[in-house]
Structures are given as C-alpha cells and as structure tokens.
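These notes concern the structure reproduced below.
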Amino acid sequence: MVGQIVRWGAALGLGVVWWWAVLRLASGADTGVLEGTVVAGGWGLSLLPVHCVPKLRAARAVGPGRWVAAWRTGSTTATTASPHPRSGAGSGPS
C-alpha cells in the first residue's frame with residue numbers, strides 16, 4: 001500500500017513539474033534549457049511502450065517454435081508459392 005502511494009505521489013509530482021515546464025515554455029517568458037529538457041524528456045517518456053507484457057504471458061502469442069518450423073525447408077507448416085502458369089494460359093481477360 002505504501003509503495004502504491006509513493007508511486008502515485010511521484011507520478012503526480014513529475015506530472016506537475018512537466019506541466020509547469022510546458023506552460024513556461026509556451027508562455028515564452030524567460031524560459032531556458034531546463035524547461036525545454038523537462039518537456040522533451042516527458043514527451044520522450046510518453047513514447048515508451050508501458051503496456052507491453054512478456055511474450056509468455058501475452059494472450060494469443062505465437063510460440064518461438066512456430067517460426068523455426070516455418071523457415072525450415074520441406075516443412076509442411078510453411079506456405080508455398082503458386083505454380084507458374086503454363087505458356088499461353090494468362091490470368092487476364094481473354
């Protein structure tokens with residue numbers, strides 16, 4: 001419970017600092033490198049995939065053995081290309 005409170009407090013505090021930097025940067029009143037760094041860092045953190053889970057825990061994840069089997073030659077699980085059309089037998093309109 002304490003850990004959760006600390007995480008929420010840290011997230012709220014960092015969010016307030018980020019918005020402070022955004023508003024100072026947007027107002028243009030005596031802004032510097034610090035505000036720009038905080039804004040760019042916060043934006044960069046928003047690009048992180050925080051909702052990812054390990055592949056073994058993911059729903060409907062493809063096992064690693066399937067890809068190995070698909071790339072082996074002569075495997076029945078791999079798809080094959082269509083045969084070449086015979087000479088004079090086109091697929092276009094006749």
Side-chain angles (χ1 to χ4, degrees):
M1 182 69 174
V2 172
Q4 187 177 8
I5 292 171
V6 169
R7 280 191 304 246
W8 276 99
L12 182 65
L14 291 173
V16 167
V17 169
W18 186 79
W19 276 109
W20 166 80
V22 167
L23 292 175
R24 276 191 52 99
L25 201 60
S27 70
D30 197 29
T31 58
V33 176
L34 177 66
E35 288 87 356
T37 304
V38 169
V39 170
W43 177 78
L45 285 175
S46 71
L47 298 177
L48 288 176
V50 294
H51 298 292
C52 293
V53 296
K55 191 171 186 176
L56 296 176
R57 290 180 42 205
R60 299 181 305 272
V62 177
R66 178 175 179 254
W67 297 111
V68 172
W71 285 102
R72 285 191 186 138
T73 57
S75 174
T76 59
T77 60
T79 59
T80 57
S82 300
H84 294 290
R86 287 178 284 144
S87 153
S91 61
S94 43

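Just so we're clear, the structure is a prediction, and the values are computed from it rather than from any experiment.
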Problem - All pairs passing side-chain hydrogen bond (donor to acceptor under 3.5 Å, both in side chains) where residues 5-14 contributes a residue, at least two apart - result: none
Please tabulate, for the side chains in residues 13-26, all donor-acceptor contacts under 3.5 angstrom to protein atoms that are two or more places apart in sequence or on a different chain.
from: W18; atom 1: NE1; to: V39; atom 2: O; distance (Å): 3.2
from: R24; atom 1: NE; to: E35; atom 2: OE2; distance (Å): 2.9
from: R24; atom 1: NH2; to: D30; atom 2: O; distance (Å): 2.7
from: R24; atom 1: NH2; to: E35; atom 2: OE2; distance (Å): 3.3

Handout entry: Other cluster members, I5 - Ile/Leu/Val/Met/Phe/Trp/Tyr, side-chain contacts below 4.5 Å
Key = M1
